[in-house]
Every structure is written in C-alpha cells, then in structure tokens.
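Contents: one structure, followed by commentary.
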Amino acid sequence: MEKVVIIGSGCAGLTAALYTARANLRPLVLTGRQPGGLLTTTTVVENYPGFPEGIDGYELMVRMQKQAERFGARVQFGTVEGVNLSGQPFSLTVDGEQVQAETIIIASGASHRHLNLESELKLETKGVTYCATCDGALPMFRNQPLVVVGGGDSACEEATYLTRFGSTVYLVHRRNALRASKIMAERTLAHEKIKPVWNSVVTEVLDVKQEKVTGVRLKNVETGSEQVLDAAGVFVAIGHVPNTQIFKGLIHMDEHGYIIPKQGTATNVPGVFVAGDCADRIYRQAVTAAGLGCAAAIDAERFLAARNE
Ligand SMILES: Cc1cc2nc3c(=O)[nH]c(=O)nc-3n(C[C@H](O)[C@H](O)[C@H](O)COP(=O)(O)OP(=O)(O)OC[C@H]3O[C@@H](n4cnc5c(N)ncnc54)[C@H](O)[C@@H]3O)c2cc1C
C-alpha cells in the first residue's frame with residue numbers, strides 16, 4: 001500500500017515528489033509515456049528561477065528527479081490506465097498491474113494539439129513551438145517575421161506577445177473571422193505588426209532540409225490557391241488537451257477536461273489532489289506547475305496526518 005502515488009513526472013509531479021519525500025512519505029511517481037514531462041521537449045528554459053544563464057529543459061527535469069530521489073521518492077516507468085476511486089484505498093491500474101494508494105496526486109499535464117504535419121514534427125525545437133511565453137524571446141525569433149496558427153484567445157495572446165520580438169506576426173486562421181472573444185479579437189487585429197491571413201491552413205513548414213524554419217506553405221481553403229510566407233518561427237496555438245480522460249466521470253472537470261479543484265488542490269474525491277497543467281488552462285508554465293506540485297504535496301501530507309490522528 002502506497003501512502004502517495006503521483007501520476008506524472010513533469011514539473012508538478014516531481015515537485016510534489018520532492019515535498020512528499022521530504023515529509024517521509026516515500027512517494028511513488030509514475031512517469032507516464034513522457035518521463036520528465038513537456039519540458040524535456042525544449043532546449044533552453046530561460047524563465048525558471050535560479051538559472052541566470054538558462055538551462056536545458058531535459059537537464060532541468062533530470063535534476064528535479066534526482067533531487068526528489070535523494071529524499072526517498074521512487075520514480076517508476078508506468079502509465080496509469082484506469083483508477084477506482086470509489087473508496088479507500090484507491091486502486092490504480094498501471095500497465096496492467098494493480099497499485100493501491102491512500103492518496104493520489106494527479107499531475108498528468110496537458111498535451112498541445114499538433115497540426116499533424118511531418119515537417120512540423122521534424123522542425124519542433126528548430127523554430128516550431130507551442131508556447132510564445134516560453135520561446136518568443138529566443139534570439140532566433142528577434143526582428144524576424146513569425147507565424148502564429150490559430151484563431152482563439154490563445155492564438156491572439158500569442159500573436160500579441162510576439163509583437164515585442166518579431167518584425168511582423170502573421171496570424172494564420174482557417175476561417176475568415178477569429179474565434180476569440182470580441183475585445184481580444186479587436187485588439188489583436190488593430191495591432192500594426194499583426195497581419196491576419198484568413199481562410200488558410202498550413203500544409204508544410206519549411207525547410208526540413210535546412211533543419212530550421214524558413215517559412216510556411218499555405219493553402220487557401222476557399223480557393224485552393226497556395227502561397228509561401230517567409231518566417232523564422234511557427235507558433236502553433238490551436239489548443240491543448242488535458243491528460244485527464246481516465247478521470248472522466250470521477251473527478252470534476254470543465255468541458256475541456258481541465259480538472260476543477262474543490263479547495264486548494266483538493267478535488268471532489270477526498271484524498272485525491274491535483275497539480276500542474278492538467279488543472280490550469282491559463283498559466284501553463286513550469287514554475288506555476290512546480291508551485292502547484294508543492295501545494296498538492298502539502299495538502300496530501302495534511303490529509304494523511306488528519307486521517308492518522
Ligand atoms: C516546447 C515547450 C517549451 C516550453 N518551454 C517552457 C519554458 O521555457 N518555461 C516554462 O515555464 N514553461 C515552458 N513550457 C511549459 C511547461 O513545459 C509546462 O507548463 C510544464 O511542463 C507543466 O508541467 P506538468 O508537470 O503540469 O505537466 P507535464 O510536464 O506535461 O507532465 C505531465 C506528466 O504526466 C505524465 N502522464 C500523463 N498521463 C499519464 C498517465 N495516464 N499515467 C502516468 N503518467 C501520465 C506524462 O508522461 C508527464 O510525465 C514549455 C512547453 C513546451 C511544450
């Protein structure tokens with residue numbers, strides 16, 4: 001029987017592991033298919049406090065894991081396929097095996113939606129990115145034309161943020177009007193650096209041969225005509241999908257699948273806590289995920305202490 005099982009090994013999960021390990025709870029961390037989480041897919045992280053020169057995303061996550069392990073956290077490769085939260089102890093199905101737990105911290109993150117282009121995949125971290133706040137300030141994007149793909153609030157926010165760095169920001173949207181809220185759409189379209197490209201989809205990110213982004217090939221969905229836009233970066237902002245499907249119907253979530261905590265990090269099921277991007281559709285940063293991981297660990301620790309009084 002585990003005292004604490006942490007689902008996910010990103011910033012939220014490993015911070016929760018550090019805190020619960022230091023509280024002598026010997027947490028079991030289940031890594032899922034992406035050990036270290038989303039940050040392992042990026043090269044330099046420049047906004048995680050404590051690293052004035054920036055740090056490689058993969059290295060940061062290896063360090064977080066080592067730090068948690070130093071105090072007794074056990075990190076195990078495994079994906080949770082199902083949970084039974086109907087009573088104590090909870091049971092989890094992990095790659096076909098059963099694990100029982102007194103408390104669970106859900107830190108399963110959110111995956112970004114892809115354009116599903118082969119060229120997009122090949123140029124990820126070479127100019128294709130999914131987070132303007134994270135990558136917009138990198139030297140490769142400064143004073144260069146940039147492309148944002150999407151038409152919702154996130155796409156508008158990304159485009160507006162990128163005007164600080166890029167020379168021109170093309171906002172490529174498959175419809176002829178933005179889906180974003182009226183005020184956000186108006187503000188975005190009024191910006192002199194933002195140029196909308198309507199009724200268009202990206203069919204290829206250029207240039208895989210050069211191993212860096214030099215532009216995008218677009219297709220007009222109305223006329224079928226093609227054009228090429230020069231750009232040094234492609235920011236894909238077509239939404240995120242929280243990795244919470246296995247909790248559907250058990251844990252309260254919004255219509256997009258983001259978990260809604262009841263109080264602090266506590267969910268509607270006593271003993272189940274949540275941290276990080278799977279419960280955060282607004283900030284989605286490493287440091288906020290880590291902060292919530294800390295909070296969930298403290299909440300779990302207090303829950304166990306109260307139970308054993
Ligand atoms: C390209 C890129 C660059 C970024 N750069 C920055 C940056 O510079 N600065 C910054 O602050 N933020 C950055 N971010 C955002 C940052 O990565 C996230 O905010 C952060 O990783 C969220 O942490 P998390 O622990 O909530 O989730 P994640 O890091 O997504 O981790 C989720 C974990 O849950 C696991 N998991 C999922 N489902 C299951 C399951 N069923 N069973 C077991 N485990 C499961 C996954 O394998 C993974 O280990 C970047 C994101 C991307 C994509």
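Just follow the structure's listing: the first ligand is 1, and inside any ligand the first atom is 1.
Protein heavy atom nearest atom 53 (C) of ligand 1, with residue, atom name and distance: His112 CE1, 3.4 Å. When hydrogens are left out, the protein atom nearest atom 46 (C) of ligand 1 is Thr31 O, 3.5 Å; that is the closest non-hydrogen contact. From the protein, the heavy atom lying nearest to atom 45 (C) of ligand 1 is Gly32 CA, 3.6 Å. In this structure, the protein non-hydrogen atom closest to atom 3 (C) of ligand 1 is Thr42 CB, 3.5 Å. Among protein heavy atoms, the minimum distance from atom 1 (C) of ligand 1 is reached at Thr41 OG1, 3.8 Å. The nearest heavy-atom contact from the protein to atom 41 (N) of ligand 1 is Val80 O, 3.1 Å. At the shortest separation from atom 27 (O) of ligand 1 among protein heavy atoms lies Gly109 CA, 3.4 Å.
Within the listing of ligand 1, atoms 7 (C), 8 (O), 9 (N), 10 (C), 11 (O) sit less than 4.0 angstrom from a heavy atom of Asn47. Within ligand 1, counting atoms from 1 as listed, the ones closer than 4.0 Å to a heavy atom of Gly276 are 26 (O). Interface of Leu30 with ligand 1, defined as ligand atoms under 4.0 Å from a residue heavy atom, comprises 43 (C), 44 (N).
Contact annotation: the side chain of His240 never approaches that of Arg281 to less than 4.5 Å [non-hydrogen atoms, C-beta and beyond]. Side-chain contact between Lys3 and Leu304 is present, with heavy atoms from C-beta onward closer than 4.5 Å. Between Val197 and Gln227, the closest side-chain pair of non-hydrogen atoms falls below 4.5 Å. Lys193 places none of its side-chain heavy atoms less than 4.5 Å from the side chain of Ser167. Looking at heavy atoms from C-beta onward, Val287 lies in side-chain contact with Pro49 at the 4.5 angstrom threshold. The side-chain heavy atoms of Val83 and Phe247, taken from C-beta on, include a pair separated by under 4.5 Å.
Polar contact with ligand 1: present for Ala286 (N/O pair, distance under 3.5 Å). Ligand 1 has an N or O atom lying under 3.5 Å from an N or O atom of Ala12, backbone or side chain. An N or O contact shorter than 3.5 Å is missing between Ala289 and ligand 1 by distance. The distance criterion of under 3.5 Å between nitrogen or oxygen atoms is met by Arg284 with respect to ligand 1. Looking at ligand 1, you won't find any N or O of Thr129 less than 3.5 Å from one of its N or O atoms. Any N or O atom pair closer than 3.5 Å counts here, and Gly78 shares no such pair with ligand 1. Some N or O of Gln34 is nearer than 3.5 Å to an N or O of ligand 1, by distance alone. Between Tyr130 and ligand 1, a contact under 3.5 Å exists for no N or O pair.
Of all the listed residues (Gly8, Ser108, Ala16), Ser108 holds the heavy atom that lies closest to atom 32 (C) of ligand 1. Taking only non-hydrogen atoms, the option from Gly54, Ala290, Cys134 nearest to atom 13 (C) of ligand 1 is Cys134. Ranked by closest heavy atom to atom 18 (C) of ligand 1, the top entry among Leu38, Ile7, Asp277, Leu92 is Asp277.
Counting heavy-atom neighbours within 6.0 Å of Gln263 CD, excluding the residue itself, gives a total of 12 or less. Sparse packing is recorded around NZ of Lys219, with 12 or fewer heavy atoms of other residues, nucleotides or ligands lying under 6.0 Å away. Atom CZ of Arg307 has more than 12 neighbouring heavy atoms from other residues, nucleotides or ligands inside a 6.0 Å radius.
Residue Leu39 places a heavy atom under 4.0 Å from ligand 1. The shortest heavy-atom distance from Ser111 to ligand 1 is not under 4.0 Å.
For Cys131, the disulfide (SG to SG under 2.5 Å) partners two or more places apart in sequence, or in a different chain, are Cys134. Annotation: side-chain hydrogen bond (donor to acceptor under 3.5 Å, both in side chains) contacts of Glu69 (sequence neighbours excluded): Gln65.
The proximity of Ala107 to ligand 1, defined as any non-hydrogen pair under 4.0 Å, is limited to the backbone.
Looking only at atom types and distance, the side chain of Thr93 has a donor-acceptor partner in the side chain of Gln98 under 3.5 Å away.
Aromatic ring pairs are classed by plane angle as parallel below 30°, tilted from 30° to 60° and perpendicular above 60°; the pair Phe51 and Tyr48 is tilted. Using bins of under 30°, 30° to 60° and over 60° for the plane-to-plane angle, the ring pair Phe303/Phe273 lands in the perpendicular bin.
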